[in-house]
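Only one structure is covered here, and it is reproduced in the block below.
Counting convention: from 1, in listed order, for ligands and their atoms alike.
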Amino acid sequence: MSEASIKQAEIAVEQQHVDRVYARLDELRAEAEAMRDKSYEYGQEATPEALNERDVMLHHANRTLQALNAESEGLVFGRLDFANGDAAHIGRLGIRDAQFDNLLVDWRAPLAAAFYQATPEHPLDVVRRRVIRSSREQVIDLSDDLLDPDRAPADMRVIGDGALMAALTRSRGDSMRNIVATIQKEQDDAIRAPEGGVTEITGGPGTGKTAVALHRAAYLLYRDQRRLGGPGVLVIGPSPVFMSYISRVLPSMGEHNVELRALGEVLDGIGTARIDDPRTAEIKGSSRMVKVLRRALRLPPPDAPEQLRMFYRGTVLKLQADDLKRIRRSLHGKGGQPNRSRMRAADALLEALWQKAKQAADANFQPDRERLIGEIGERIEFHRFLVTWWPPLYPMQVLRWLSDPARLAQAARRLLSAEEIDLLAKSWAEVTEWTVADIALIDELRVLAGAPPKRRRIDPEAEQVRRAVNYDEYAHVVIDEAQDLSPMQWRMVGRRGRHASWTIVGDPVQSSWPDPAEAAAARQEALSAQRTHRRFMLRTNYRNSAEIFALAAEAVRDLVPADDLPVAVRSTGIDPTVREVSDRQLPQAARSAAAELLAAAEGTVGVITTMARRDEVREWLSSVDTGDAADGAGAGGSDRLRVVGSLEAKGMEYDAVAVVDPDGLATESSTGRRALYVALSRATQLLTVLTTSAAKTR
Ligand SMILES: Nc1ncnc2c1ncn2[C@@H]1O[C@H](COP(=O)(O)OP(=O)(O)OP(=O)(O)O)[C@@H](O)[C@H]1O
């Protein structure tokens with residue numbers, strides 16, 4: 001028998017099993033739908049017991065349907081043959097036949113662990129591990145590892161050479177895919193680590209940190225649906241583009257109930273992707289801002305009245321600016337959130353008015369404390385004064401007030417330099433949209449100020465409102481690209497995980513935060529309640545070809561120990577192209593490079609440049625023919641061509657990449673060399689670098 005026909009025969013064997021699985025899947029779907037319909041009937045009886053039963057049934061039926069209906073691609077992707085002759089098929093979910101025997105083992109179940117953990121050195125009773133590749137319901141390829149040749153039966157067939165390499169060579173397309181079929185042992189160790197405490201996963205570009213973090217979320221949900229289910233898992237990543245890139249991974253494994261939020265979308269209702277220039281972002285992210293904001297809340301609001309005058313029984317009682325200032329200071333001195341101190345503020349003003357009345361007392365004017373406080377305290381004009389002098393403080397409004405440099409200077413005295421004050425005030429004055437760094441400040445103010453009085457009574461969607469106000473009910477928090485979190489962002493995410501366990505994923509070498517020590521301190525504080533810390537380091541770069549990574553590594557070679565850089569195992573024999581062009585030629589060179597890469601690569605093409613030049617480069621490339629219906633890269637990209645700034649490239653991956661102006665990237669911020677390293681390590685297949693001075697990227 002030829003090799004090809006042996007393979008076809010083995011594919012036919014697997015196809016039979018896959019057919020059984022899909023047939024059973026149809027049965028289970030029909031059962032779940034019947035259960036759902038039945039639950040509606042229960043609901044019509046309307047007794048509390050019936051309603052309760054309906055809810056349980058409905059919840060169960062919907063969950064089952066959600067899992068069964070998840071993208072069915074790759075439902076069956078693996079098979080283990082054990083030394084005792086047993087075999088098990090591994091899949092995206094677990095399926096039993098009508099006799100309750102396993103047809104398919106969920107990849108997260110203990111029995112499936114050997115699929116990822118077995119090695120030739122430690123075969124764990126596995127003789128052959130088979131990766132099954134399908135298109136829809138059709139098996140199209142197989143790839144085997146013979147782990148224990150000595151115990152393999154004589155007639156066991158072994159097909160193909162390496163499912164991993166095959167998976168890595170395929171073009172990637174628009175969104176990240178799940179890697180359940182080819183998770184490697186070092187990755188699996190991190191995925192299956194216990195839930196509690198902090199699990200930290202580090203590793204260089206392309207080592208699968210994001211993939212591992214998401215598979216870990218799916219694994220933890222599988223293991224403890226009760227605790228983590230519902231909105232219990234929060235995944236935070238750098239940008240909306242990145243969140244959208246990874247958004248299909250969990251649904252493809254049947255997990256829909258995970259909250260994915262970019263750092264600029266952590267607060268409900270004010271999502272943003274706008275990024276400050278590096279210097280401004282650095283100031284906004286610094287933990288010095290906590291004090292600045294605390295002080296900002298203590299300043300009188302911009303239009304606060306400077307005097308309080310009350311007529312009381314023929315006498316004018318006046319609180320002058322100094323009196324009011326003293327009262328305000330004393331109120332703040334007692335601590336607490338200003339929005340919760342309104343009653344105290346009213347009491348303090350009334351007490352001060354009483355002191356004035358006492359001083360003014362004479363034969364004709366004999367005030368009584370209780371009566372004075374009672375009478376003035378009920379007057380409408382007193383409340384009008386209170387509401388302007390001690391108004392409810394809304395975080396965004398308080399931040400906007402700081403666009404006044406004089407006001408900001410007061411709040412930032414001895415904390416920020418004149419130049420820093422100027423930059424911040426300008427950033428809040430000039431634009432109408434918040435930036436990602438502002439969100440952490442708004443969140444800080446939210447907590448420092450306390451909840452403003454409710455305008456309306458909260459009701460029907462109580463659950464939603466409660467979450468929106470507190471944001472701290474997550475059971476597990478996953479942070480991706482953690483190396484880039486500013487101290488203020490650590491405080492923000494820390495609040496979300498007060499009662500949670502954590503998975504923290506990042507690569508210090510790719511960090512664009514200029515003060516690692518300050519960020520480390522904020523991170524430590526955010527995690528201070530955690531007792532257990534476990535660490536995993538991933539060392540293999542699965543994204544880049546060895547040729548591309550060799551060039552990328554040059555960007556940081558002298559900044560970090562060689563051990564902190566991963567090893568790229570896949571060689572394509574294609575070196576990156578480095579072209580030196582003049583500034584004048586750059587637009588044309590960028591257009592040509594993009595067109596060449598679109599023609600040569602199958603999947604996505606990313607053009608990465610400095611944050612400052614991004615829009616200009618988009619303009620240059622708007623006329624490039626991408627072969628899509630929605631042509632051109634003007635609005636950030638068509639389906640195949642994307643133009644992004646260095647910070648937007650974080651975590652992203654493209655089949656081919658053009659890096660435009662690497663020197664500009666390297667000098668755009670104090671961590672520019674690291675940003676260049678990120679940009680150069682985004683490509684899976686082809687990389688072109690367009691420099692106006694080639695020497696520096698070599
Ligand atoms: N075991 C695996 N099997 C198949 N593909 C894998 C495997 N591990 C990683 N990959 C692929 O390698 C690429 C890089 O993975 P991922 O984006 O998770 O890396 P990362 O460490 O987060 O990278 P970066 O730090 O650059 O953001 C992705 O396309 C991912 O699907």
Determine the interplanar angle of the Trp490 and Trp502 rings, folded into 0 to 90°, and report it as parallel if under 30°, tilted if 30 to 60°, perpendicular if over 60°.
tilted
Say whether Asp507 and ligand 1 are in contact under the criterion: heavy-atom distance to a ligand atom below 4.0 Å.
no
State if Lys650 counts as touching ligand 1 under the rule of any non-hydrogen atom under 4.0 Å.
no
Which atoms of ligand 1 sit under 4.0 Å from any heavy atom of Pro205?
23 (O), 24 (P), 25 (O), 26 (O)
For Arg674, does its backbone N or O pair with a side-chain atom of Thr671 as donor and acceptor, under 3.5 Å?
no
Can we say Arg108 and Glu255 salt-bridge, meaning some charged N sits less than 4.0 Å from an Asp/Glu carboxylate O?
yes
Ser681 heavy atom under 4.0 Å from ligand 1
no
Would you tell me which option among Ala552, Ala649, Ala213, Gly206 has the nearest heavy-atom contact to atom 24 (P) of ligand 1?
Gly206
Could you check whether any side-chain N or O of Arg614 sits under 3.5 Å from a backbone N or O of Gly645, counting only pairs where one atom can act as donor and the other as acceptor?
no
Among all protein heavy atoms in this structure, tell me which lies nearest to atom 2 (C) of ligand 1, with the distance rounded to 0.1 Å.
Thr182 O, 3.5 Å
Residue selection (non-hydrogen contact nearest atom 28 (C) of ligand 1) among Lys209, Glu653, Met652, Arg543
Glu653
Tell me whether the rings of His89 and His17 are parallel (<30°), tilted (30 to 60°) or perpendicular (>60°).
parallel
Going by heavy atoms, is Ala181 under 4.0 Å from ligand 1?
no
Salt bridge flag under 4.0 Å for residues Glu648 and Arg642
no
Looking only at heavy atoms of Gly203, does any of them come nearer than 4.0 Å to an atom of ligand 1?
no
Could you tell me if any non-hydrogen atom of Arg682 lies under 4.0 Å from any atom of ligand 1?
yes
